[in-house]
Number of protein chains: 2
Amino acid sequence: MTSDVSPATRAAGAAAATTTRWLDAEEQRAWRAWLYSWMLLDDRLDRELTRETGISHAYYEILVQLSETEGRQLRMSQLAERCLSSRSRLSHAVSRLEERGWVRRQVCPEDGRGQLAVLTDEGFAALEGAAPVHVESVRSHLFDQLSPEQVAAMQDIGETLLRHLNDEA
Amino acid sequence: MTSDVSPATRAAGAAAATTTRWLDAEEQRAWRAWLYSWMLLDDRLDRELTRETGISHAYYEILVQLSETEGRQLRMSQLAERCLSSRSRLSHAVSRLEERGWVRRQVCPEDGRGQLAVLTDEGFAALEGAAPVHVESVRSHLFDQLSPEQVAAMQDIGETLLRHLNDEA
DNA sequence: CGCAGACAGTCAAACGCTCAACCACTCGGA
DNA sequence: TCCGAGTGGTTGAGCGTTTGACTGTCTGCG
C-alpha cells in the first residue's frame with residue numbers, strides 16, 4: 001500500500017518538478033518489499049494479539065511503557081512520546097483503559113497542569129496475560145523467519161533510520 | 001508503539017504460558033529499532049505527502065495501482081488486494097476518490113456482479129503532481145540514509161518475510 | 001504583584017476504518 | 001428452468017484518530 005511510480009507517471013512528473021530523483025528498478029523493488037512486508041506483519045501481529053487477548057497493539061504498548069517505569073506511572077506527555085502517539089490520541093486511549101480499570105489518572109504533585117497515568121494491578125495482570133501471546137507472534141512471524149545475519153542487519157537499518165528521523169525532527 | 005516486555009512481566013508471563021520463547025536483549029533491541037523506525041518513517045512520509053499534495057498515502061497507493069494497469073482500470077477486489085486493503089475499506093475510499101473526480105465506477109462487462117474502478121484523467125494528473133513529492137520523501141528519509149549494502153539487506157529481509165506471510169496466510 | 005505567554009491536557013467535530021449484514025448477480029445441479 | 005449456494009461489492013453503525021480550539025496552570029518579566 002504505497003508508493004511506486006509507473007513509467008508513464010515518471011516521465012511527466014520529472015518534467016514538472018525540476019529533475020526528481022526517481023527510484024530505479026532495484027530501489028523500487030526494495031521499497032515495495034519493505035513496505036508490503038511491514039504492512040502485512042504489522043496487521044498480523046495486531047490481529048493475533050487483539051483476537052487472543054482483546055488488547056490492541058496500541059493499548060498493549062501503553063501498558064508496556066507504564067510497566068517499565070519506576071512506580072508504574074508516567075506523565076501523560078511522556079507516555080505519549082514513548083508510544084509515538086499524539087497527546088490527544090493518548091488522552092482518548094487512556095480514558096478507554098481507565099474504563100477497563102487498567103489505568104488510573106492522578107493529578108501530578110509537582111505540576112498542577114500535569115496528569116499521571118498509573119498502571120493498576122488489574123492492568124499489570126492484563127499485560128502479563130497478553131505478553132506471551134504477543135512475543136510468540138513476533139517470534140514466529142519475524143525472528144523464526146530470519147537468519148542471525150538478517151536480524152543484525154534489521155537492527156542496523158532500524159537504528160540508522162532512527163538516528164536520522166530523531167535528529168532532524 | 002508496541003511491544004516489548006519488562007523483566008517483571010517476563011518472569012510472571014513465563015510461568016503462565018508453558019515456557020514462552022521470550023526475546024533476549026539483542027532481539028528486543030532489534031525489534032524496537034525496527035518497529036520505531038518504521039512507525040516514524042511511515043508517519044513522516046504520510047504527513048509530507050498529505051501536507052504538500054492533499055493526498056494521503058492510502059489514496060496515493062490506489063491511484064498508483066490503477067495507473068499501472070492496462071486501461072488504468074481494475075476490478076474492485078483486485079484493486080483491494082494490490083493495496084493490501086479490505087474490500088469495505090477500498091469501497092469507501094473509492095467513493096471518496098469519486099467525489100474528487102479522480103476515479104470513476106463502471107459496471108464490469110464480463111461479470112454483472114463486478115465493478116471496475118477507472119482512473120480518470122484528473123486522477124492521473126493528480127498522481128503526476130504527487131509522485132515527485134512522494135519519491136523525494138522516500139529518497140531523502142530512506143535511501144539517502146542507507147548504504148547500498150543496507151538497501152540490499154532491506155530488500156532481502158522484506159522479501160523473506162513476504163514469502164512467509166504470503167505462504168501461510 | 002500582576003499580567004502575558006508558554007505549556008499540559010482535554011474535548012468536540014470531522015473523518016477513516018472495521019465488522020457484519022445485506023443486495024445483486026452468477027453458476028451448477030435437479 | 002428454477003433454486004440454492006457462492007461470490008462481488010456496498011452500506012451503516014460503532015469505534016478510534018486527527019485537528020484545532022479551549023481550559024487551567026505555571027513561569028518570567030515589568
Side-chain angles (χ1 to χ4, degrees), chain A residues 1-2 39-40 42-51 54-63 66 73-100 102-118, chain B residues 1-2 39-40 42-51 54-63 66 73-100 102-118:
Chain A
M1 176 149 303
T2 290
M39 293 183 66
L40 288 170
D42 187 45
D43 188 61
R44 181 74 67 92
L45 296 179
D46 194 33
R47 281 176 193 279
E48 288 185 357
L49 184 62
T50 304
R51 178 166 46 79
I55 304 177
S56 73
H57 206 171
Y59 289 8
Y60 181 81
E61 180 69 5
I62 294 173
L63 299 180
L66 286 175
Q73 55 183 21
L74 272 173
R75 288 285 293 270
M76 292 295 283
S77 51
Q78 287 176 43
L79 183 53
E81 198 176 345
R82 296 194 191 190
C83 294
L84 301 185
S85 172
S86 70
R87 290 172 188 214
S88 173
R89 180 186 178 193
L90 181 75
S91 184
H92 288 297
V94 165
S95 297
R96 292 184 297 260
L97 290 173
E98 238 178 340
E99 286 169 17
R100 296 196 189 187
W102 292 351
V103 172
R104 188 162 38 79
R105 263 183 249 245
Q106 192 177 303
V107 176
C108 178
E110 294 99 38
D111 187 337
R113 294 170 300 182
Q115 291 275 101
L116 289 173
V118 186
Chain B
M1 177 148 305
T2 288
M39 292 185 66
L40 288 169
D42 187 45
D43 188 62
R44 182 73 66 94
L45 295 179
D46 193 33
R47 281 177 191 278
E48 287 184 358
L49 184 62
T50 304
R51 178 165 47 80
I55 304 177
S56 72
H57 206 171
Y59 289 8
Y60 182 81
E61 180 69 5
I62 294 173
L63 300 180
L66 286 174
Q73 55 183 24
L74 272 173
R75 289 286 294 268
M76 293 296 283
S77 50
Q78 289 177 42
L79 184 53
E81 198 177 344
R82 296 193 191 192
C83 293
L84 301 185
S85 174
S86 69
R87 290 174 188 210
S88 172
R89 180 185 177 192
L90 181 74
S91 184
H92 286 297
V94 165
S95 297
R96 293 185 295 260
L97 290 173
E98 238 177 340
E99 285 170 17
R100 295 194 189 188
W102 292 351
V103 172
R104 188 162 39 80
R105 261 184 249 245
Q106 192 178 303
V107 177
C108 179
E110 295 98 38
D111 187 337
R113 293 169 300 182
Q115 289 276 102
L116 288 172
V118 186

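Everything numeric in this text was worked out from a predicted model, so none of it was measured.
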- Message: Over all strands shown, is Ser95(B) touching base, sugar-phosphate only, or nothing at heavy-atom distances under 4.0 angstrom?
- Response: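 Result for Ser95(B) = nothing.
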Does the base of [N] carry an N or O that pairs as donor and acceptor with the side chain of [X] under 3.5 Å?
X: His92(B); N: dG12(D); value: yes
X: Ser88(A); N: dT10(C); value: no
X: Ser86(B); N: dC19(C); value: no

Give a yes/no on whether any side-chain N or O of [X] is located under 4.0 angstrom from OP1 or OP2 of [N].
X: Arg89(B); N: dC17(C); value: yes
X: Ser91(A); N: dT10(C); value: yes
X: Arg87(A); N: dC11(C); value: no
X: Ser77(B); N: dG9(D); value: yes
X: Arg96(A); N: dT17(D); value: yes
X: Arg105(A); N: dT10(C); value: yes

Return the value, rounded to whole Å, for the distance between atom [atom1] of [X] and atom [atom2] of [N].
X: Leu90(A); N: dT18(D); atom1: CG; atom2: C1'; result: 14 Å
X: Glu99(A); N: dC15(D); atom1: CD; atom2: P; result: 10 Å
X: Asp111(B); N: dT10(D); atom1: CG; atom2: P; result: 13 Å
X: Arg113(B); N: dG8(D); atom1: CZ; atom2: C1'; result: 6 Å
X: Leu97(B); N: dG16(C); atom1: CG; atom2: C1'; result: 12 Å
X: Arg75(B); N: dA24(C); atom1: CZ; atom2: C1'; result: 13 Å
X: Gln106(B); N: dG8(D); atom1: CD; atom2: P; result: 19 Å
X: Glu81(A); N: dC7(C); atom1: CD; atom2: P; result: 14 Å

- Message: Would you say that more than 12 heavy atoms from the other residues, nucleotides or ligands in this model lie under 6.0 Å from the CD of Gln106(A), or not?
- Response: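 More than 12 within 6.0 Å, yes.
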- Query: 5'-most contact on DNA chain D: Gly114(B) or Ala93(A), nearest heavy atom basis?
  - Reply: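 Comparing both residues, the 5'-ward one is Gly114(B).
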- Message: Using heavy-atom distances to pick each residue's nearest nucleotide on DNA chain C, tell me which of Met76(A) and Tyr59(B) is more 5'.
- Response: Met76(A)
- Verdict with supporting geometry, Arg82(B) and Gln78(B), side-chain contact (heavy atoms from CB on, under 4.5 Å): CA-CA 6 Å; Arg82(B) 296 193 191 192; Gln78(B) 289 177 42; 4.2 Å; yes
- Would you please say whether a donor-acceptor pair under 3.5 Å links the side chains of Tyr59(B) and Arg96(B)?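 Note: Tyr59(B) and Arg96(B) side chains meet the donor-acceptor criterion.
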